**Student:** 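Please find one structure pasted underneath; my questions will follow.
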Amino acid sequence: MSTSCYSNSLPLRIVLALGSTLIATKPHVTVLSTPYLDAYCSACCGPPSQAGLKRCTRCRAVWYCDLRCQNDDWSIHKHECIAIQRWASSAPSSDVAVPGDAIRCLARILWKRQQEGLGSDWAREINAMQSHRSSIPPSAFESHTHMAHSVVRYMGITSPAELSPFGLNSAGDLVDLISRFTTNTFTLTTYSLTSIGVCICPSIALTNHSCEPNAVIVFPRTAGVPQAQEPLMHLVAIKDIGPNEQIVTAYIDVTLPRELRQKALKETYNFACNCTLCTKRDAVDPRAAMRCPKSCGGICPVPTEEDTLTQCTKCKAVVTTVDTVLDALRIGQEALDKAESLQAKDSTKAKHIVSNMIPILISANLTPSCHPLLAMTRLHQELLIADLSTSLTQQLLDDTIRAAARYSAGLTSILPKGHPVRGVALAELGKLLAVDEPSPHDDAGTPQGQARFPPSGPVRLKLGYETLVKALDELVIGFGTDNGGGLIGKEVRDVIVRLEKELGVWTQGVKNVLEDTKAAPK
Ligand SMILES: *[C@@H]1O[C@H](CO)[C@@H](O)[C@H](O)[C@H]1NC(C)=O
Ligand SMILES: *[C@@H]1O[C@H](CO)[C@@H](O)[C@H](O)[C@H]1NC(C)=O
Ligand SMILES: [Zn+2]
Ligand SMILES: [Zn+2]
Ligand SMILES: [Zn+2]
Ligand SMILES: [Zn+2]
């Protein structure tokens, strides 16, 4: 099923050019997280069309685009459907009526392995999915055993003998499968990087980790791909990869500073990362940086409990507000954890925490790329965008644009050009700038040089246009050049065309662009 397409027709020195799709393959198993079951199709994982999604009338828990998607999924869902109904009938409350995605994913692996046959290629690939990602710490054993119990209960297995049709000789085999599952699962995302579930893909799981990856995993949903082949998972080069270079992806969020990356890798994958970013000690990491106390334009590493002496790398000014910064970092992290845990349950409270905390972090002089300010800004943007869909006011729209601009600025100093996270953030900013203003303000009286952000009227549209053009430039790398940046690339292109018309640049602008191109020596 997997289709490897390593290119061998490129120039000799660069084996793989940035933007090239290295692998495009359908995962062996995909599962939506519980909150997304009614929002995406459980077969192709796509968003609903105009017609909406249709619910499985038996379990009433999973949804499909149409009859075709439902039929495609039925061979596995027929087992799942019964299991979900059994689970719901014994659930203590309605919010746990469906088991979590990990349990549903493991059960799907077992049903599918049984259906394909224990000796099939499919089963062989799953079995070969070894813990090359190093071994699991003994501390994880307990949680894996707990999960094994849930899987067994969900699948209605009542004795060890009933495990053998699934290729398991003992409960220990199941715990072993769970260990391998934990280190080999990928996040399933939408075409614009929202995490909506988990998936298993043995071929892509072979890539090693780096916090400075040269490849990324995306689901671009390219036009023309038959629905039955979706979700199509792409491994895309975001840097030129030389003949002797390994292809590496990031297993974790690389916008986090070193200590938090190391912690996440240790907890889930049980290894200490030795990548260039983790070992480089000379330069200041923008993920843990603050502005120069004398505002010279330089940056300083943030102080830590162990190392309180810090100075600007440019003018050498010493940071004297160490306690304030340490406090801001600590309460900022606490507030972030709290707000993230509240995001789904009580978004008003989450927004309150975030909007109170951000000014504190900014006044402590943290750069927009510094953790936890960057993560806080991302959350703020998400919460504001959710609000925009219910009440579009000028104030809310402008607040959202400011959050999006700060988030993009932060990412720009951390991630390389073409990283999909960066491209999507820019696209989001550009799209927000292109939204019709409910009550545009009048900038006419504002003195030059003090123009407020975001601007209003045509200046705003122009900024939106330029941001989207930049975004598209990045999206066609991160989501694959062959795909034209996938569905998000197409969406951005459509807005660009609309703005070109609105700005009247069709006739006048094209001429200007030609002039510019002639003038620019490139
Ligand atoms: C991953 O790294 C190990 C050594 O750390 C190496 O032996 C293996 O070939 C690498 N795998 C890939 C797919 O590059
Ligand atoms: C990391 O790399 C350095 C030098 O390249 C090496 O000395 C060290 O043993 C490595 N550490 C691990 C955990 O692999
Ligand atoms: Zn579908
Ligand atoms: Zn069902
Ligand atoms: Zn690293
Ligand atoms: Zn300075």
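Order of appearance sets the numbers: ligands from 1, and atoms from 1 within every ligand. Predicted model only: the values in this text are computed from it and were never measured. Reckoned from all heavy atoms, side chains included, excluding hydrogens, waters and symmetry mates.
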**Student:** Is there an N/O/S atom in His209 at a distance below 2.8 Å from the Zn ion (ligand 5)?
**Tutor:**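 Not a single backbone or side-chain N, O or S atom of His209 is under 2.8 Å from the Zn ion (ligand 5).
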**Student:** What's the NE2-the Zn ion (ligand 4)-SG angle here (His77, Cys56), rounded to 10 degrees?
**Tutor:**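 Result: 110°, to 10°.
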**Student:** Show your working on side-chain contact (heavy atoms from CB on, under 4.5 Å) between Thr255 and His371 and close with a plain yes or no.
**Tutor:** CA-CA 8 Å; Thr255 65; His371 181 82; over 6 Å; no
**Student:** Indicate yes or no: does Asp72 engage Arg68 in a salt bridge with an N to O separation below 4.0 Å.
**Tutor:**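 The answer is no: the pair does not qualify as a salt bridge.
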**Student:** Assess whether side chain to side chain donor-acceptor pair (under 3.5 Å) is satisfied between Gln70 and Asp66, documenting all intermediate values.
**Tutor:** CA-CA 6 Å; Gln70 182 166 24; Asp66 47 30; over 6 Å; no
**Student:** Going by distance only, is there an N or O of Asn208 that falls short of 3.5 Å from an N or O of ligand 1?
**Tutor:**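 Such a contact does occur with ligand 1.
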**Student:** How wide is the angle at the Zn ion (ligand 5) spanned by Cys211 SG and Cys275 SG, rounded to 10 degrees?
**Tutor:**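 Seen from the Zn ion (ligand 5), SG and SG are separated by roughly 110°.
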**Student:** What I want to find out is whether Asp253 reaches Arg378 closely enough, with some N-O distance under 4.0 Å, to be called a salt bridge.
**Tutor:**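 Here Asp253 pairs with Arg378 in a salt bridge, since their nearest N and O are under 4.0 Å apart.
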